[in-house]
Amino acid sequence: MNGTGKPTSEEVAEALRARIESGELAAGQPIPTQKSLVEAFGVQRGVIRRALRSLQEDGLLTEVTRGAPPRIADRSAVPRAVGGAGGAGVAGAAGADETPQETMVALRPRITEAFRADHVRVDALCLTAESLSAALGEQRLRIQDRSVAPSSVTVRVLLPNRNIELAFPRSVSTADTHPDEGDLVHQRWLQQRNAHGTVLSDHLVGMRSAGIDVDVRFKALPFTPSVKLYVLNGAEALLAYYKVTVREAEIGRTSVEMYDALGDKSPLFSFVSGETRLRRDRAFVAESQAWFDALWDTIATDLALG
């Protein structure tokens, strides 16, 4: 992510590369139009152009001419990436012994796999919903180009309450010495939370035009989550730890030293239930779902973005 909180051209290219490597975008098939990619990823057209140029340089696109979308190259002549989003996305993240990838890269193929179900259910607990919003934007695009067509999509998101004092992000300076810095950091987080949540909601509401029954709800937590958790279709739990660090950020015209956690960079660990899986993994998925449900039904309160 860049300073705007939107995907970079490299991240857009990685997401499209994952779809090509998984076979969703087959050889000879046109790439989605730049207009639809702009809407799906919420970025400027220039970002999309740079992403497509990167795919072309990798030999994944052909017929790159003006006036028509390029087509997917014959992948039989293109070596597959080892340990990348394509290689580890659908099968690898579900149990292969590979190094966990950063959330922004690893979450998308897992959400893609979840959207193969007829009735999709996604439960998420996080700080801003940034990674989830980007992943769901890609699913909206897949629905638009008819790559997938679930009957229903239900998404529940738990985010910190706007009125609590966050453990992070927050200013390193105390409220007694620099009260304005604390307000700047909190307002910056709140704007990010609301922006990503709004875009996420827009992506899901946009799926209704394809006749999909969509239910999206947000609730607020009275604490700062130290982990991000995604439970997909009650069958897979994805966990990442927020690693707190000290960094400087420009907020407006003020340079602020703050405690922060870059969640999109956190390694994402996958646990999958099923008859062939370890009992430990099945138990982890069940307990993760139960924990989320308990928070949702007890201490979480209604959340209005804005």
Side-chain angles (χ1 to χ4, degrees), residues 1-15 41-44 46-47 50-51 84-85 99-108 124-137 157-200 218 220-230 238-269 303 305-306:
M1 289 284 164
N2 52 30
T4 66
K6 297 182 178 181
T8 64
S9 60
E10 291 83 3
E11 289 166 340
V12 172
E14 188 64 33
F41 289 100
V43 297
Q44 298 295 321
V47 174
R50 290 192 293 274
T99 302
Q101 296 176 304
E102 294 177 354
T103 298
M104 186 55 67
V105 174
L107 180 61
R108 297 187 190 212
L125 180 152
C126 43
L127 272 175
T128 64
E130 178 181 12
S131 300
L132 182 61
S133 177
L136 290 175
V157 184
L158 288 171
L159 298 166
N161 191 304
R162 65 182 298 160
N163 295 321
I164 67 172
E165 182 177 346
L166 293 171
F168 59 88
R170 67 177 176 86
S171 171
V172 172
S173 301
T174 65
D176 293 334
T177 57
H178 295 84
D180 293 343
E181 289 189 5
D183 290 341
L184 284 173
V185 174
H186 190 84
Q187 288 303 313
R188 177 177 178 269
W189 162 79
L190 183 60
Q191 290 170 2
Q192 291 175 338
R193 187 204 72 171
N194 291 343
H196 293 305
T198 299
V199 171
L200 183 155
F218 297 85
L221 289 171
F223 62 85
T224 307
S226 58
V227 299
K228 57 169 60 182
L229 173 71
Y230 309 95
L238 299 161
L239 179 76
Y241 296 97
Y242 284 114
K243 184 178 180 181
V244 181
T245 185
V246 178
R247 70 184 188 95
E248 284 194 7
E250 291 291 329
I251 304 178
R253 297 182 178 180
T254 304
S255 179
V256 179
E257 188 177 29
M258 58 191 290
Y259 296 114
D260 198 9
L262 302 179
D264 59 319
K265 303 295 184 183
S266 300
L268 194 65
F269 296 86
L303 185 154
L305 298 170

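Any value given below was found using the heavy atoms of this structure, including those in side chains, with hydrogens, waters and symmetry copies removed. When a residue number appears, it is its place in the shown sequence, counting from 1.
A129 approaches L159 most closely through the heavy-atom pair N-CD2, 3.9 Å. The shortest non-hydrogen separation linking S133 to V199 is OG-CG1, 3.4 Å. When all heavy atoms of C126 and P160 are compared, the closest pair comes out as O-CD, 3.3 Å. Annotation for S9 and A51: closest pair O-CB, 3.4 Å, computed over non-hydrogen atoms. Pairing each heavy atom of E11 with each of K6, the nearest pair is OE1-O, 4.4 Å. Among all heavy-atom pairs drawn from R162 and R193, the shortest one is N-NH1, 3.6 Å.
Judged by distance alone, the side chain of Y242 and the main-chain N or O of F168 form no donor-acceptor pair under 3.5 Å.
Atoms CG and CG, from L127 and L262 in turn, are 11.0 Å apart once rounded to the nearest 0.5 Å. Atoms CD and CG, from E130 and L107 in turn, are 11.5 Å apart once rounded to the nearest 0.5 Å. For the atom pair Q191 CD and Q187 CD, the distance stands at 6.5 Å (nearest 0.5 Å). Going from atom CZ of F218 over to atom CG of L303 covers 8.0 Å, rounded to the nearest 0.5 Å. The distance from atom CD of Q101 to atom CD of E14, rounded to the nearest 0.5 Å, is 7.5 Å. The structure places OG of S171 at 8.5 Å from CD1 of I251, a figure rounded to the nearest 0.5 Å.
Taking a 6.0 Å sphere around CZ of F223, one finds it holds more than 12 heavy atoms contributed by other residues, nucleotides or ligands. For E250, the CD atom counts as densely surrounded, since its 6.0 Å shell holds more than 12 non-hydrogen atoms of other residues, nucleotides or ligands.
Applying side-chain contact (heavy atoms from CB on, under 4.5 Å) to L166 and the options T224, L190, V185, N161 leaves one that passes, T224.
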*Let me see the working for R188 and Q192 under side-chain contact (heavy atoms from CB on, under 4.5 Å), right down to the final yes or no.*
CA-CA 6 Å; R188 177 177 178 269; Q192 291 175 338; 3.7 Å; yes
*Could you give me the CA-CA distance, side-chain angles and deciding distance for Y259 and V246, then say whether side-chain contact (heavy atoms from CB on, under 4.5 Å) is met?*
CA-CA 5 Å; Y259 296 114; V246 178; 3.5 Å; yes
*List the steps and the verdict of side-chain contact (heavy atoms from CB on, under 4.5 Å) for V47 and F41.*
CA-CA 10 Å; V47 174; F41 289 100; over 6 Å; no
_Residues R170, M258; criterion side-chain contact (heavy atoms from CB on, under 4.5 Å); working and verdict_ = CA-CA 6 Å; R170 67 177 176 86; M258 58 191 290; over 6 Å; no
